[in-house]
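Inspection log for the structure reproduced underneath, given as structure tokens.
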Amino acid sequence: MTLDFLGNLTRTHTCGELRASDAGKSVVLLGWVNRRRDHGNLIFLDLRDRYGISQVVLDKDLGTEAHGKAEQARSEYVVAAIGKVRLRDANVINPKMDTGEIEVVADQLLLLNDAKLAPFSPAEEAIANEEVRLKYRYIDLRRPEMQHNLHVRHKVAMAVRQYLSSQGFYEIETPFMTRSTPEGARDYLVPSRVHPGEFYALPQSPQLFKQILMISGMDRYFQIARCFRDEDLRADRQPEFTQIDLEMTFPQQETVFRVVEGFLSEAFKAVGIHLPTPFPQITYDEAMRNYGIDKPDLRLPGLVDLKPAFTAENLAALQIDANLPVIGLRIPRVGELSRKDRDDNKPLFDQRKGAKYIDDLKRLEKGFPEAAAKVRELAGGEADDLIIIVAGDAAAHIRASDTKSEGRLSEREIAIYSAAGNFRVELAKKYADRHGAFAVTDNVVASEERNTGLADGSVAFRPIWVTDFPMFEYDEETHKWMPSHHPFTSPHEEDMDRLVSDPASVRARYYDIAMNGLELGSGSIRIHQQQVQAEIFRALGMSDEEAKSRFGFFLDALQYGTPPHGGIALGLDRIVMILAGASSLREVIAFPKTAKAIDLMVDAPTPVSDMQLRELHIKPTKQ
RNA sequence: GGGGACGUAGCUCAGUUGGUUAGAGCGCUGCCCUGUCACGGCAGAGGUCGCGGGUUCGAGCCCCGUCGUCCCCGCCA
């Protein structure tokens, strides 16, 4: 087959834009052959590009060579169709297509390029398995879903840039090749050729750079920044990911919140969804009590305190630890659980830390009718809602190095709350088609494509600020207090005097933003006084020398007139994932990696030549 | 590092208790077809049952190992 040259041809329209009002126009369409329907003397070609699909008709009776070219055309050939837009007869209008009222009658068809038969077709309904999709990513990305996802991503990024710029933020780039600062995640390392045995590290986040930009008087900084962490992957975790990173001088917590609410609502507006502001906020302790998790999904009812439903005798008879919370969780409209359901649900509950549950209210009613009635009353909801009671197992022997601190949740309490909170999420996922709370989100995501004004996102998208996280967590293994966030997070000023005497009670000026049960981002007001920073390091059991060797450059900078400052970073990939209705980050990243951090398309990582290794002064210990 | 699911035609999958020549749909190739739009009709090609070993008269199916993809735990300041 001889291919045609493009010559000086340019497209007059995209494959998605022609409408009935364009009838009669002479047009040039350029695109891929999505499908060919060959009726012999009449051939239909669906031409596809990023903007849509248009039907091109090739009629042998026209006596041109275009029909002959169309006979040779195959899926994914790149062609030019030159002809006239024609209104379709009423009986052949395709209401499923945006361009369904017209077709292009081609009097010339150019085969600009042929295409090997692809392992799967972008036009196919059934999508191929991910291994094939990732290897042939350029085919996969031609699918309308993927084009849509990356379009959403672009719109979100642009809306964020525009909003932050309008609020006085400068977009400033920070280095990729930087210094390894131990702790946190494992670093990706880049060997230095010039300095044998030394390495740069790829940034886990631009944290210290953005703080230094505040010290530098840049006032407001943002960056859509790539971050790298060498940890095992999940559906919502990639080894390289993108953060909307920002930092500002002289903020109150609320200042940061308003900025984030501003750009998030702009980003949602950009994809056709109204997201009401301000977002609700709760403290970490409230989040644990009400949802059993620090990233609450507000689309479902929260936990309720069921202790008042039981007498001390009840609890003893039920082998429930009276000193621990008794919690109710409710999933709407699940109905009666079968014996099999109950068995299947068992592994979804984490009983490792001495929690247990009762999922059979009927049985409770027989033994403890008054308590059961009270449970129903406290849990609320409808008769067909699933109610489950979670409590501490009185028979459990928990190695309790409990860190109870006045006014805060103890570790054992947290264990019960999180067992309930995680069970709530797992059951909600399992019975999603019964309660329907997640379908609302899917429906808004789907309707957004129709682009009919702003869709109401107030039910489908439920952001929430979680504040006042504990400053420290006790590490059972090292018997040391560890920072819950990074060690530059400021404690609450009024908690400062308890740094040593009662570290568990110290609250951090650290906040998370969650949406629909997914952590979107976290940030904090930072420490800006060197003495406070030194106290924190001491509270963490870190010597001055140790602190200096790890963060010396930063501690130096802190002493040269550091303004109060703070900021936040949000996962762009996760925001887009929610907006695309996707269940994996890989659906919203053009070239993602597999669960083993492999790029199947370029086949990375790979061994490198001995020559390269020698230059870098590196000797692998095994091949 | 640990647990689980999956791996059969290019793609999506079925494959009974271990038993003859491993099937279907889509796709592909050829021919036919002027109103299809997941076009239709006829004919055809296409298989290292992921890989290696074992049990057996006989393995897609059972056992052991291994590789890959996905999900989860650990991990992710």
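No hydrogens, no waters, no symmetry mates; every other heavy atom, side chains included, goes into these values. In what follows, chains carry the letters A, B, and so on, assigned in the order in which the sequence lines appear, proteins first and then strands, with residues in each chain numbered from 1.
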Selected nucleotide, minimal atom distance to Leu117(A) side chain, candidates rC11(B), rC28(B), rG35(B): rC28(B)
Trace of the side chain to side chain contact (heavy atoms under 4.5 Å, CB included) decision for Lys295(A) with Asp512(A): CA-CA 8 Å; Lys295(A) 42 182 182 181; Asp512(A) 265 8; 6.0 Å; no
Side-chain N,O (Arg37(A)) to OP1/OP2 (rC39(B)) below 4.0 Å: yes
Nearest-Å distance once atom C1' is located in both rC33(B) and rG25(B): 23 Å
Centroid-centroid under 6.0 Å between Phe228(A) and Phe176(A) rings: yes
Separation of atom CD in Glu131(A) from atom C1' in rC11(B), rounded to whole Å: 14 Å
Test item: Arg507(A) side-chain N/O and Asp495(A) main-chain N/O as donor-acceptor pair under 3.5 Å: no
Tyr200(A), OH: over 12 other non-hydrogen atoms inside 6.0 angstrom: no
Of the listed nucleotides rU12(B), rG10(B), rC73(B), the one nearest the side chain of Ala128(A): rU12(B)
Closest to the Thr594(A) side chain, choosing from rC70(B), rG35(B), rG74(B): rC70(B)
Check: Arg36(A) side chain, rG40(B) base, donor-acceptor under 3.5 Å: no
No-H, no-angle donor-acceptor pair, Asn129(A) side chain to rC6(B) base, under 3.5 Å: no
Selection from rC71(B), rC33(B), rG35(B) that lies nearest to any side-chain heavy atom of Ala595(A): rC71(B)
Heavy-atom donor-acceptor pair, Arg237(A) side-chain to rC75(B) base, under 3.5 Å: yes
Donor-acceptor pair (no angle test) under 3.5 Å: Arg133(A) side chain, rC11(B) base: no
No-H, no-angle donor-acceptor pair, Asp232(A) side chain to rG74(B) base, under 3.5 Å: yes
Euclidean distance for C1', rC49(B) against rG10(B) (whole angstrom): 16 Å
Donor-acceptor under 3.5 Å (Glu76(A) side chain, Lys116(A) main chain): no
OP1 or OP2 of rU29(B) under 4.0 Å from side-chain N/O of Arg74(A): yes
Pairing partner of rU17(B) (Watson-Crick or G-U wobble, both distances under 3.5 Å): none
Check: rG27(B) base within 3.5 Å donor-acceptor of Arg35(A) side chain: no
Interatomic distance where CD belongs to Glu103(A) and P belongs to rG35(B) [whole Å]: 13 Å
Distance between C1' atoms of rU66(B) and rC76(B) (Å, rounded): 29 Å
Stacking of His39(A) on rU36(B) base (centres under 5.5 Å, planes under 30°): no
Between rG35(B) and rG41(B) - P atom distance, rounded Å: 15 Å
Sugar-phosphate, base or nothing in reach of Ser484(A), heavy atoms under 4.0 Å: sugar-phosphate
Greater than 12 external heavy atoms within 6.0 Å of Glu101(A)'s CD: no
Pi stacking test for Phe120(A) and rC11(B): under 5.5 Å apart, planes under 30°: no
Along RNA chain B (nearest heavy atom to each residue), the more 5'-positioned of Glu125(A) and Ser205(A): Glu125(A)
Nucleotide nearest Arg234(A) when distance is taken to its side chain, options rC37(B), rC75(B), rC76(B): rC75(B)
Residue closer to the 5' end of RNA chain B, Glu124(A) versus Lys60(A) (nearest nucleotide): Glu124(A)
